[in-house]
Amino acid sequence: MMTETTANPPNNPPRGRQSVPIEQRVEDALILMEDLADLLDDETDAVARHDFARFAELQAEKVDMATEYQGLISRLQKRQAELKELPEQIREALAAASSRLDEAVEENERQIDAARRGTNAIIDTIIEAARKSVAPNDAYTQNAEVKAKPTASPTAVSVNEEL
């Protein structure tokens, strides 16, 4: 008994994962880059307005979009030859979206860094005030009596502090 087997019949495409057309992949990248830039602009604005509730709301979405963006860019990098063959108009749109995203990232980082520095300065001020408030008062004893004068010379303390 003879059976005829054909690996791929002539009218059927090969099995397996088919690549998404490069134009569709670029369109997806353009949309994602614009969406991510918009989200970063929103986050930057929230930080500038000290709306940290809104900032916190955006974090999960930002992580999801950034992860998706990394995957998409990785897939595009594997298709450099196809990207070079795209019409100039599409490559220009990709460059413009990339530039806008870069600017949004830079502004976002600046605003978050400024907020972080401001917060750290406030925390340092609070810590210093707390230290001063619990520091012993050297002028009086616990019974509110004037302490005896120290035997060390004030000049020596001044010199030590300057050194």
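Bear in mind that the values here come from a model prediction, so they are computed numbers and not experimental data.
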Fill in: Side-chain donor-acceptor contact under 3.5 Å, Gln59 with Glu43
yes

Item to complete: Drop me the distance from Glu34's CD to Ile31's CD1, to the nearest 0.5 angstrom.
Response: 9.5 Å

Worksheet item: So if you build clusters from Ile, Leu, Val, Met, Phe, Trp, Tyr with side-chain heavy-atom gaps below 4.5 Å, do Ile73 and Ile22 land together?
Response: yes

Worksheet item: Does any N or O in the side chain of Arg25 come within less than 3.5 Å of the main-chain N or O of Leu72, such that one atom is a donor and the other an acceptor?
Response: no

Worksheet item: Does atom CD of Gln80 have more than 12 heavy-atom neighbours, drawn from other residues, nucleotides or ligands, at distances under 6.0 Å?
Response: yes

Worksheet entry | Minimum heavy-atom distance Ala97-Leu30, with the two atoms named | CB-CD2, 3.7 Å

Practice prompt. Evaluate salt bridge (Lys or Arg N to Asp or Glu O under 4.0 Å) for Glu103 paired with Arg100, printing each intermediate quantity in order.
Written response: CA-CA 5 Å; Glu103 290 171 9; Arg100 178 171 184 267; over 6 Å; no

Discussion item. Going by salt bridge (charged side-chain N to carboxylate O under 4.0 Å, His left out), name the residues that satisfy it together with Glu57, two or more places apart in sequence or in a different chain.
Written reply: Arg54

Item to complete: Each residue besides Ile122 in its hydrophobic cluster should be listed here, by chain and number; the cluster joins Ile, Leu, Val, Met, Phe, Trp and Tyr at side-chain heavy-atom distances under 4.5 Å.
Response: Ile126

Discussion item. Which Ile, Leu, Val, Met, Phe, Trp or Tyr residues join Val63 in one cluster when any pair of side-chain heavy atoms under 4.5 Å counts as a link?
Written reply: none

Practice prompt. Rounded to the nearest 0.5 Å, what's the gap from NZ on Lys84 to CD on Glu82? Could you check?
Written response: 12.0 Å

Discussion item. Let's go through Asp113 and Arg110 carefully: what are the C-alpha distance in whole Å and the side-chain angles of both, what is the deciding distance for salt bridge (Lys or Arg N to Asp or Glu O under 4.0 Å) to 0.1 Å, and is it a yes or a no?
Written reply: CA-CA 5 Å; Asp113 188 51; Arg110 271 193 298 273; over 6 Å; no

Worksheet entry | Nearest atoms (heavy-atom pairs only) where Leu76 meets Ala29 | CD1-CB, 3.7 Å

Worksheet, complete the sentence: Between the CE atom in Met65 and the CG atom in Leu58, the distance rounded to the nearest 0.5 Å is 10.5 Å

Worksheet, complete the sentence: d(Leu94 CG, Ser99 OG) to nearest 0.5 Å is 11.5 Å

Fill in: side chain to side chain contact (heavy atoms under 4.5 Å, CB included) between Glu68 and Asp64, worked out
CA-CA 6 Å; Glu68 185 179 349; Asp64 290 346; over 6 Å; no

Item to complete: Would you mind reporting whether Leu101 and Leu40 have side-chain heavy atoms less than 4.5 Å apart?
Response: yes

Worksheet item: Going hydrophobic residue to hydrophobic residue with side-chain gaps under 4.5 angstrom, can you get from Leu39 over to Phe55?
Response: no

Fill in: Nearest heavy-atom neighbours spanning Val47 and Ala115
CG1-CB, 3.6 Å

Worksheet item: If you measure from CD1 on Ile112 to OG1 on Thr119, what distance do you get to the nearest 0.5 Å?
Response: 11.5 Å

Discussion item. Restricting to non-hydrogen atoms, name the atom on Arg91 and the atom on Leu86 that form the minimum distance, rounded to 0.1 Å.
Written reply: NE-O, 3.0 Å

Worksheet item: Just how far is it from atom CG of Asn108 to atom CG of Asp45, taken to the nearest 0.5 Å?
Response: 11.0 Å

Item to complete: Indicate whether the side chain of Ser19 and that of Arg79 have a donor and an acceptor atom separated by less than 3.5 Å.
Response: yes

